[in-house]
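Everything on this sheet refers to the single structure shown next.
Below, all heavy atoms of this structure are taken into account, side chains as well, without hydrogens, waters or symmetry copies.
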Amino acid sequence: MNNVTTIFGNDTRPCDTEPPTDSDLIPQKFIDCGLIYFSPSQLKQPLHYWLTDRFLLDPETKKKKKQSVPARFGSAIHKMVQDSYILGEDLKQTLIDIESELKTRTKNYDDKDFYKIAEYKKKLFPVYENVVDAFEILKIEKCDLETPIDLSLRGVDIPINGYTDFRTDTHVIELKTKWNRVREVSERYNVYRVLKNGQWSKSKRVFKDHDEVDEYVAEQDCDTKVEFIDKHFECDSPPIVKEPYKNDLLQLALYSKATGLKPTIVYATEKDFKIFNQDNCELLSQESLDNYVEKARRIALSRQNLIKMVDDPHQLIDVIEPPDISEFWYDLGQDVVNEVKHIWNL
């Protein structure tokens with residue numbers, strides 16, 4: 001049983017999904033094209049991804065995006081922490097709700113996606129327990145949940161809006177979950193040789209083609225054993241977080257700037273957790289935070305100025321480096337990939 005209480009305020013400033021209330025201060029050009037705020041998550045995106053996702057893809061194509069499995073499980077952990085650890089609601093019911101939600105929004109999922117869901121379900125509670133352990137070390141007694149920010153930066157004509165994960169009286173806390181990478185292993189033949197002691201060798205030769213297996217076996221001067229492995233998926237060990245990720249630092253720097261609170265970031269996997277703050281991480285020093293805020297300001301400034309240059313954001317296709325499909329778009333579904341290729345003439 002936890003003893004965390006909430007300190008919900010009356011802050012109704014805009015967030016990622018709400019337009020700013022002071023839209024009359026935003027230049028009409030931005031209002032006309034729907035650019036009425038930047039969010040920290042937008043500023044973390046590569047320019048071509050931001051431009052394509054924000055302006056070039058039509059709403060119907062956006063609806064066809066596959067829902068990222070790791071992101072969905074990250075949201076599940078947030079729900080468990082908020083509903084059960086912070087608000088004290090029944091964890092069993094929360095897990096039932098999560099299980100029900102995971103059965104939805106699976107359109108365009110492939111075998112790999114469903115494998116991830118099955119594997120990550122096994123890791124959901126261990127990740128949650130590690131988050132709870134981290135929060136207990138932080139001795140969080142009062143906490144606000146998903147509170148909006150509204151930040152103005154020098155030279156930027158539209159605000160930075162977003163949600164902070166957790167806020168105490170002194171700290172803004174960002175929670176990040178890291179999930180095991182899933183690899184597809186193609187079908188193969190493993191060939192083992194018999195050693196002089198009669199045991200099978202631990203080492204093996206691997207072949208993809210059966211004819212190559214026959215040729216190799218025929219060349220051996222001892223017995224061999226051929227093992228066929230069908231195509232399957234394997235789940236790697238969870239990532240080891242040694243320091244905060246750069247994109248997360250940019251996001252947290254903006255949250256700290258907007259709230260005036262000290263920054264803390266918690267990473268959790270199925271194996272362990274890491275807590276980074278200004279006491280143990282130089283990357284969260286005030287100087288570093290200021291540098292990341294300035295980086296975000298320059299990104300926002302350059303993007304608003306690009307939009308100012310053209311009558312239609314589609315005109316920027318001719319002056320911006322095209323996207324690398326394999327890097328950012330590959331896992332969003334073939335319909336989206338085809339449309340991105342069409343837009344950029346790839």
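Checked for salt-bridge contact, Glu99 and Lys121 meet the test: a charged N lies under 4.0 Å from a carboxylate O. Under 4.0 Å is where a charged nitrogen must lie from a carboxylate oxygen, and between Asp221 and Arg193 at least one such pair does. A salt bridge links Glu174 and Lys176; the closest N-O separation between the charged side-chain nitrogens and carboxylate oxygens is under 4.0 Å. Taking 4.0 Å as the cut-off between side-chain N and carboxylate O, Lys65 and Asp335 do not count as a salt-bridged pair. One finds no salt bridge joining Lys79 and Glu101 here, because no Lys/Arg side-chain nitrogen approaches an Asp/Glu carboxylate oxygen to under 4.0 Å.
Summarising the geometry of Val226 relative to Val213, their closest heavy-atom pair is CG2-CG1, 3.9 Å, with the distance given to 0.1 Å. When every heavy atom of Leu250 is checked against every heavy atom of Pro40, the shortest pair comes out as CD2-O, 4.4 Å. Nearest heavy-atom pair, Lys208 versus Tyr189, reported as atom, atom and distance to 0.1 Å: O-CE1, 3.9 Å. Across every non-hydrogen atom of Leu289 and Ser256, the tightest pair is CD1-OG, 4.1 Å. Minimum heavy-atom separation, Glu184 to Lys231: OE2-CD, 3.5 Å. Residues Ser201 and Leu195 share a closest heavy-atom pair of CB-CD2, 3.8 Å.
The structure places OH of Tyr255 at 11.0 Å from CD1 of Ile160, a figure rounded to the nearest 0.5 Å. The CG atom of Leu249 sits 5.5 Å away from the CG atom of Leu283 when rounded to the nearest 0.5 Å. Atom CG of Asp248 is separated from atom NZ of Lys246 by 12.5 Å, given to the nearest 0.5 angstrom.
For Gln93 (side chain) and Glu89 (main-chain N/O), no donor-acceptor pair under 3.5 Å exists by modelled atom type. Side-chain atoms of Thr147 do not come within 3.5 Å of backbone N or O of Asp144 as any donor-acceptor pair. The backbone N or O of Glu270 sits nowhere less than 3.5 Å from a side-chain atom of Glu129 that would complete a donor-acceptor pair. Without hydrogens or angle criteria, Glu146 side chain to Asp165 main chain gives no donor-acceptor distance under 3.5 Å. With hydrogens and angles ignored, the 3.5 Å screen pairs a side-chain donor or acceptor of His232 with a backbone N or O of Asp230. Judged purely by atom type and a 3.5 angstrom limit, Asp113 uses its side chain to pair as donor or acceptor with the backbone of Asp110. Without hydrogens or angle criteria, Asp53 side chain to Tyr49 main chain gives no donor-acceptor distance under 3.5 Å. Ser100 places no side-chain N or O within 3.5 Å of a backbone atom of Asp97 that could act as its donor or acceptor partner. The closest donor-acceptor contact from the side chain of His171 to the backbone of Arg167 lies at 3.5 Å or more, if one exists at all. Using a distance-only test at 3.5 Å, with no hydrogens or angles considered, no donor-acceptor pair links the side chain of Thr106 to the main chain of Leu102.
Within the 4.5 Å cutoff, the side chain of Leu153 has heavy atoms near those of the Leu254 side chain. Between Ile325 and Leu346 there is a side-chain heavy-atom pair separated by less than 4.5 Å. Side-chain contact between Phe276 and Thr264: absent, with no pair of heavy atoms (C-beta onward) separated by less than 4.5 Å. By the 4.5 Å heavy-atom criterion applied to side chains, Glu119 and Asn180 are not counted as neighbours. Between Leu124 and Ile98 the shortest side-chain heavy-atom distance falls below 4.5 Å. Residues Asn190 and Arg205 form no side-chain contact, since every pair of their non-hydrogen atoms from C-beta on lies 4.5 Å or further apart. At a threshold of 4.5 Å between non-hydrogen side-chain atoms, the residues Leu91 and Phe125 count as touching. Contact of the Asp318 side chain with the Gln315 side chain is not registered, since no non-hydrogen atoms from C-beta on lie closer than 4.5 Å.
Both tests do not hold together for Lys116 against Phe233: distance to the six-membered ring centre under 6.0 Å, angle to the ring axis within 45°.
Classification of the Phe114-Tyr109 ring pair by plane angle, with boundaries at 30° and 60°, yields perpendicular. Phe135 and Phe166 have perpendicular rings, their planes meeting at more than 60° on a 0 to 90° scale where under 30° would count as parallel. By the 30° and 60° cut-offs, the orientation of the rings of His48 relative to Trp344 is perpendicular.
Within a 6.0 Å sphere centred on CZ of Arg183, heavy atoms belonging to other residues, nucleotides or ligands number more than 12. Open room surrounds CD on Glu282; 12 or fewer heavy atoms of other groups in view lie less than 6.0 Å from it. Crowding of Lys66 atom NZ: a count of heavy atoms from other residues, nucleotides or ligands under 6.0 Å exceeding 12. In Lys257, the NZ atom is not crowded: 12 or fewer heavy atoms of neighbouring residues, nucleotides or ligands sit closer than 6.0 Å. Other residues, nucleotides and ligands place more than 12 heavy atoms under 6.0 Å from the NZ atom of Lys62.
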Next on the checklist: Run Phe73 and Lys123 through side chain to side chain contact (heavy atoms under 4.5 Å, CB included) and show every step you take.
Outcome noted: CA-CA 10 Å; Phe73 275 83; Lys123 307 176 190 308; over 6 Å; no
Checklist entry - Under the side chain to side chain contact (heavy atoms under 4.5 Å, CB included) criterion, do Val241 and Phe273 qualify, and how do the steps go? => result CA-CA 8 Å; Val241 180; Phe273 64 87; over 6 Å; no
